[in-house]
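Each remark here refers to the structure printed beneath this line.
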Amino acid sequence: MELRDSSKTAVKRESTSTSGGGSKRKREGSSNSQILATTAGNNQVAGLVREVIESHTCPITHNLMCQPCVAEDGHMYERIAIEKWLDKHRRSPKTNESMGTKLVESISARQIIERAVLSQAVDKETSTIWHSGSGRLKVNGALKGGLNAAMTHFDTALKLSPDDLPAKLLKEAALLQQQVDNLLERAEMAEVDLSCFAFQKSSAIAAIVRTKDTPMTAWKRLKEGVSIVRIIDNMDLLKDLCNRPAPGASNEVDWVSEMSEIVGKEFVISANDEELRAYDIDDYAIPFDACILIKEG
């Protein structure tokens, strides 16, 4: 009934209009132009969003970056991914040109990515992976926020993808860590020693994770006879680093075959060598970017 009445009304309007036919066609033409313009505009916006997302996708992990940083080749990468790459290579994964280890964190890129995720400009799977990754980095202290902020990310990941196993396990682990933190606080207040257990506060875990496997990215003066470093465990890479000047150094330290005995081992530094941007260890000078700082002082 409603469709028929609408048709009759439309017919009536057309029949009672003397000069309205041309006006109606003009209105239809104008409306069509507006629709086409709007569609074109939407396509442009969608294309722009795609470009933004692609430019903020790590070329190593192929995921949206949680902690974007700019490497010496001028390209942007997920920090943990490019750090692992630079552990074994001294060439750009994008250009294959030689490059150093300096990385600059991009806060603005992180903000752009976060806005894209929160505005639902990316699909659920991509958003889930990003929230899980961001939560991990806030647990270990690589990003600010701590355990509570990480929990928010894990909750959001599970709302997006309720059956996602990594997100489920991360949320479960975060809940357990909250219980451990609470337990250790109560034990400390009651002066009860729980050191017989392998419990650690989330803040302590973050401090450990930050220094676990990452070579130093800049030379700095360390405390002689106190600071501890671990030599990278890749002998070929160590040899390459020793046979070229470290970033900011006047000369290379020179590789000798006996250095193979110190690969992957920890040492207390005996002296700082600012000119070579190196540390004296067991009669050898080792460039800073072949050292993992274990204890600063």
Side-chain angles (χ1 to χ4, degrees), residues 60 67 69-73 77-93 96-105 137 139-142 195-196 198-201 203-297:
I60 298 175
Q67 191 180 15
C69 64
V70 180
E72 290 188 18
D73 63 354
Y77 302 91
E78 182 69 72
R79 176 176 280 277
I80 190 171
I82 189 62
E83 285 176 344
K84 288 181 178 179
W85 171 273
L86 292 173
D87 280 348
K88 299 181 179 180
H89 311 277
R90 282 298 181 271
R91 292 185 176 275
S92 163
N96 202 35
E97 297 292 327
S98 177
M99 76 171 190
T101 59
K102 185 178 180 181
L103 302 172
V104 179
E105 191 162 345
L137 294 174
V139 168
N140 68 28
S195 60
C196 56
F199 295 144
Q200 294 225 51
K201 287 185 178 180
S203 56
I205 293 172
I208 293 170
V209 172
R210 280 197 297 272
T211 60
K212 185 179 180 183
D213 294 315
T214 305
M216 298 175 67
T217 57
W219 188 88
K220 62 180 176 180
R221 186 169 292 277
L222 298 177
K223 291 185 178 180
E224 297 172 359
V226 176
S227 297
I228 299 173
V229 298
R230 184 168 73 247
I231 312 304
I232 58 174
D233 59 5
N234 186 318
M235 187 176 69
D236 290 335
L237 179 57
L238 177 60
K239 183 177 181 179
D240 290 341
L241 295 179
C242 289
N243 285 332
R244 64 88 176 99
S250 59
N251 209 341
E252 64 272 11
V253 302
D254 289 328
W255 165 266
V256 293
S257 59
E258 289 80 7
M259 285 182 174
S260 60
E261 298 176 0
I262 68 173
V263 171
K265 296 180 180 179
E266 294 184 6
F267 297 90
V268 176
I269 71 161
S270 56
N272 292 275
D273 192 329
E274 187 169 0
E275 185 176 348
L276 294 178
R277 294 293 193 269
Y279 303 110
D280 289 350
I281 294 166
D282 196 23
D283 297 327
Y284 306 114
I286 306 298
F288 73 86
D289 52 357
C291 298
I292 299 166
L293 183 58
I294 304 299
K295 177 185 176 183
E296 186 165 354

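Since this is a predicted model, take the numbers as computed values, not measurements.
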Exercise for review: Answer whether the closest heavy-atom distance between the side chains of Tyr77 and Pro93 falls below 4.5 Å.
Suggested key: yes
Study note, to complete from the structure: Distance col, row Leu241:CG vs Ile232:CD1, nearest 0.5 angstrom, shows 5.0 Å
Review point. Less than 4.5 Å apart, any side-chain heavy atom of Ile231 and any of Cys291?
Key: yes
Review point. About how many Å separate CD1 of Ile269 and CG of Asp282, when rounded to the nearest 0.5 Å?
Key: 13.5 Å
Exercise for review: For side-chain contact (heavy atoms from CB on, under 4.5 Å), just list the numbers for Val253 and Asp273, CA-CA rounded to whole Å, side-chain angles, deciding distance to a tenth of an Å, and then say yes or no.
Suggested key: CA-CA 10 Å; Val253 302; Asp273 192 329; over 6 Å; no
Exercise for review: For Ile80, look at atom CD1 and say whether over 12 heavy atoms of other residues, nucleotides or ligands are found less than 6.0 Å away.
Suggested key: no
**Study point:** Beyond-backbone contact of Arg90 with Asp289, side-chain heavy atoms, under 4.5 angstrom
**Key:** yes
Exercise for review: Using the side-chain contact (heavy atoms from CB on, under 4.5 Å) rule, take Glu78 and Leu137 through it: C-alpha gap first, then chi angles, then the decisive distance, then the call.
Suggested key: CA-CA 11 Å; Glu78 182 69 72; Leu137 294 174; 4.3 Å; yes
**Study point:** Point-to-point distance, once rounded to the nearest 0.5 Å, from CD1 of Ile228 to CG of Leu222
**Key:** 11.0 Å
Practice item. Could you list the residues that satisfy salt bridge (charged side-chain N to carboxylate O under 4.0 Å, His left out) with Arg91, not counting sequence neighbours? Key: none
Check your understanding: Under 3.5 Å, is there a donor-acceptor pair between the side chain of Asn234 and the main chain of Lys88?
Key -> no
Practice item. Mark yes or no for whether Gln67, through its side chain, and Ala142, through its backbone, hold a donor-acceptor pair below 3.5 Å. Key: yes
Point to revise | Lys220 and Leu293: CA distance, side-chain angles, deciding distance, side-chain contact (heavy atoms from CB on, under 4.5 Å) verdict | key: CA-CA 11 Å; Lys220 62 180 176 180; Leu293 183 58; 4.0 Å; yes
Review point. Looking at SG of Cys242 and CG of Leu276, how far apart are the two atoms once the value is rounded to the nearest 0.5 Å?
Key: 10.5 Å
Exercise for review: For side-chain contact (heavy atoms from CB on, under 4.5 Å), just list the numbers for Asp73 and Glu97, CA-CA rounded to whole Å, side-chain angles, deciding distance to a tenth of an Å, and then say yes or no.
Suggested key: CA-CA 8 Å; Asp73 63 354; Glu97 297 292 327; over 6 Å; no
Practice item. Could you pull out the closest heavy-atom pair between Val268 and Gly225, with the gap in Å? Key: CG1-C, 3.3 Å
Review point. So do the side chains of Ile82 and Cys69 get within less than 4.5 Å of each other, counting heavy atoms only?
Key: yes
Check your understanding: So do Pro287 and Met216 actually touch side chain to side chain, heavy atoms under 4.5 Å?
Key -> no
Practice item. With the side chain counted from C-beta on, respond yes when Thr217 and Lys102 share a heavy-atom pair under 4.5 Å apart, and no when they do not. Key: no
Review point. Got a donor-acceptor contact below 3.5 angstrom from the Trp255 side chain to the Asp240 backbone?
Key: no
**Study point:** Asn272 CG to Arg221 CZ distance, which is reported to the nearest 0.5 Å
**Key:** 4.5 Å
Practice item. Check whether any side-chain heavy atom of Phe288 sits under 4.5 Å from a side-chain heavy atom of Pro247, and report yes or no. Key: yes
Review point. Between CZ of Arg277 and CD of Glu275, what distance do you get to the nearest 0.5 Å?
Key: 9.5 Å
Study note, to complete from the structure: Those residues at least two apart in sequence (or on a different chain) that pass salt bridge (charged side-chain N to carboxylate O under 4.0 Å, His left out) with Glu266 are Arg230
**Study point:** 4.5 Å side-chain heavy-atom contact, Arg79 and Leu103
**Key:** yes
